[in-house]
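The chain is numbered in sequence order, starting from 1. We use all heavy atoms of the structure for the numbers below, so side chains are in, but hydrogens, waters and symmetry mates are not. In each ligand, atom 1 is the first atom listed, and ligand 1 is the first ligand listed.
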Amino acid sequence: MDRARIVLKPKEDLRLRAGHPWVYDNEIARVEGEPAAGGDVDIYDARLQPVGSAFWNPASKIRGRIYSRQPRPADEAFFVEAFGRALAWRRRFFDPETQSLRLVFGEADGVPGLIVDSFVGAAESAAGAAGAKGRWLSAQFLALGVETRKAEILAALAKVIPNDGVFERSDAPVRKYEGLPPATGLAAGAVPERIVIAENGLSFAADLAGGQKTGWFLDQRSNRAAAARFAKGKRVLDAFCNAGGFGLAAAAAGAESVLAVDASADAVAAVLANAGRNGLADRVKAEEANAFDFLRGLERAKERFGLIVLDPPAFAKNRAAVEGAHRGYKDLNLRALKLLEPGGILVTCSCSHWFGPERFQAMLEEAARDAGRRLRLVEERTQDLDHPIVTGYGESRYLKCTIVEAMDRG
Ligand code: SAH
């Protein structure tokens with residue numbers, strides 16, 4: 001069967017040839033044939049030279065998502081190869097047999113719209129009883145092309161990364177731009193209530209069905225360890241703590257005390273459970289509150305900390321939201337800087353790709369000026385290596401994690 005051909009307008013292939021995987025509606029000169037929604041198509045430039053193969057979605061502004069630079073169908077063999085390449089990259093840095101990892105990071109791994117996290121650990125029942133060891137996957141199908149190929153994808157995953165169950169967490173808001181409703185539920189095998197995973201020598205419970213996103217924020221793994229280097233003997237504030245990844249790493253590294261705050265009651269309960277699991281409960285407190293108000297309250301109470309972590313959700317989900325996000329980030333960082341003792345360390349994050357590194361740095365400088373603090377840069381970090389960053393696809397570089405020392409006013 002002949003595949004439909006998408007012919008681009010002049011020059012619209014340049015960005016794609018530099019590595020970007022998306023073909024927008026306004027870049028297309030004509031469609032030859034009748035591509036099925038979710039089917040695969042061949043992309044040609046205006047001179048009729050092939051650019052690659054893409055998933056087709058007539059209901060999305062992103063009409064085509066390139067999955068291969070060669071003409072080829074997106075069948076099970078394609079996914080087996082793509083997952084194999086993704087696994088090979090991770091093996092350079094991690095041991096996928098014992099470590100929990102993001103195994104497939106969508107476009108950055110050449111599988112547009114598909115996120116797969118692999119959790120390795122021990123099952124735990126709702127009542128806390130320990131169960132069998134195993135590997136379970138949490139998957140997000142965020143584009144029509146992967147939605148329509150769920151069967152092939154699950155079969156390919158089973159081959160490349162044998163697992164005991166797959167839970168689908170396709171409840172991210174971006175699905176609506178693809179014309180897809182949210183979907184969650186068991187996609188293969190069985191998945192326990194919780195999975196106790198190891199990270200930086202600590203144990204954490206990942207909740208694939210009920211946790212935020214895929215159940216555990218794997219991208220901050222190395223940043224948690226980096227932050228913990230500054231914790232010994234300090235009072236630590238972990239703002240937007242979720243299940244306590246940063247705060248507990250700090251407590252284990254010898255923090256005098258850790259105060260964790262999150263707006264979600266489930267997250268606060270998870271922090272306390274994880275603290276108990278690691279024998280750190282005596283030094284960890286967790287509060288359910290809006291972090292903006294909470295930081296203001298700490299300021300009024302003249303509290304001081306030696307280490308503060310700010311890891312808010314993405315404030316800018318699109319270009320239009322950048323200005324509002326700037327105010328939000330600045331307000332938070334300003335308050336945190338005021339709460340730091342002289343020589344105190346701020347670990348400040350933004351996971352919004354739209355809020356780029358320059359913008360983030362400018363925001364931090366404004367916050368420092370308004371707080372009357374000079375900052376000394378310790379490190380500029382990003383997401384861990386199981387969330388690859390690739391040239392030509394700027395969206396893949398989304399996480400900023402900047403560590404600074406707030407110097408004395410002097
Ligand atoms: N630091 C965490 C991940 C944070 S994700 C880790 O290392 O795993 C962002 C968190 O911010 C979520 O847990 C969410 O519940 C919380 N959140 C969102 N808005 C908030 C607000 N206004 N105040 C406090 N927490 C908030």
Quick look: Ala239 vs ligand 1, heavy-atom contacts under 4.0 Å, and the answer is neither
Note: Arg149-Glu76 ion pair, threshold 4.0 Å (strictly below): no
Show the numbers, then the answer: is there a side-chain hydrogen bond (donor to acceptor under 3.5 Å, both in side chains) between Glu178 and Ser60? CA-CA 5 Å; Glu178 290 282 306; Ser60 169; 3.1 Å; yes
Just distances here: any N/O of Asn242 and N/O of ligand 1 closer than 3.5 Å? yes
Atom 22 (N) of ligand 1 sits nearest the protein heavy atom Asn290 OD1, 3.4 Å
Is the shortest distance from a Lys or Arg side-chain nitrogen in Arg229 or Glu379 to a carboxylate oxygen in the other one below 4.0 Å? yes
Among non-hydrogen protein atoms, atom 18 (C) of ligand 1 lies closest to Pro313 CG, 3.5 Å
Any nitrogen or oxygen of Phe217, side chain or backbone, less than 3.5 Å from one on ligand 1? no
Protein residue, atom and distance nearest to atom 13 (O) of ligand 1, heavy-atom basis: Asp262 OD2, 2.6 Å
Would you mind telling me which of Lys338, Arg335, Arg296, Arg235 makes a salt bridge (charged side-chain N to carboxylate O under 4.0 Å, His left out) with Glu303? Arg235
Which ligand 1 atoms are under 4.0 Å away from a heavy-atom of Ser264? 15 (O)
Of the protein's non-hydrogen atoms, which lies at the shortest distance from atom 8 (O) of ligand 1, and what is that distance? Arg224 NH2, 2.8 Å
Side chain, backbone, both or neither: Ala243 near ligand 1, heavy atoms under 4.0 Å: neither
State, yes or no, whether a side-chain contact exists between Arg17 and Leu14 at a heavy-atom distance under 4.5 Å. no
To the nearest 0.5 Å, what is the distance between CZ (Arg327) and CD (Glu366)? 11.0 Å
N or O pair under 3.5 Å between Ala291 and ligand 1: yes
Using the rule side chain to side chain donor-acceptor pair (under 3.5 Å), only one of Asp219, Asp384, Asp117 pairs with Arg102; which is it? Asp117
Do the non-hydrogen side-chain atoms of Trp56 and Val31 ever get within less than 4.5 Å of each other? yes
Around atom 3 (C) of ligand 1, find the nearest protein heavy atom and jot down its residue, atom name and distance. Asp311 OD2, 3.2 Å
Protein heavy-atom partner closest to atom 21 (C) of ligand 1 - residue, atom, separation in Å: Phe240 CE2, 3.6 Å
Just jot down the ligand 1 atoms closer than 4.0 angstrom to any heavy atom of Cys241, in number order. 1 (N), 2 (C), 6 (C)
Whether Arg90 and Asp386 form a salt bridge (side-chain N of Lys/Arg under 4.0 Å from carboxylate O of Asp/Glu) is what I want to check. no
Please confirm whether Cys349 comes under 4.0 Å of ligand 1, counting heavy atoms of the residue only. no
Asn200 side, atom CG; Arg221 side, atom CZ - distance, nearest 0.5 Å: 8.0 Å
Which residue supplies the protein heavy atom nearest to atom 12 (C) of ligand 1, what is that atom called, and how far is it? Gln212 OE1, 3.2 Å
List ligand 1 atoms under 4.0 Å from Phe246, heavy atoms only on the residue side. 1 (N), 7 (O)
Atom 25 (N) of ligand 1: the protein heavy-atom neighbour that sits closest, reported with distance to 0.1 Å: Ala263 N, 3.0 Å
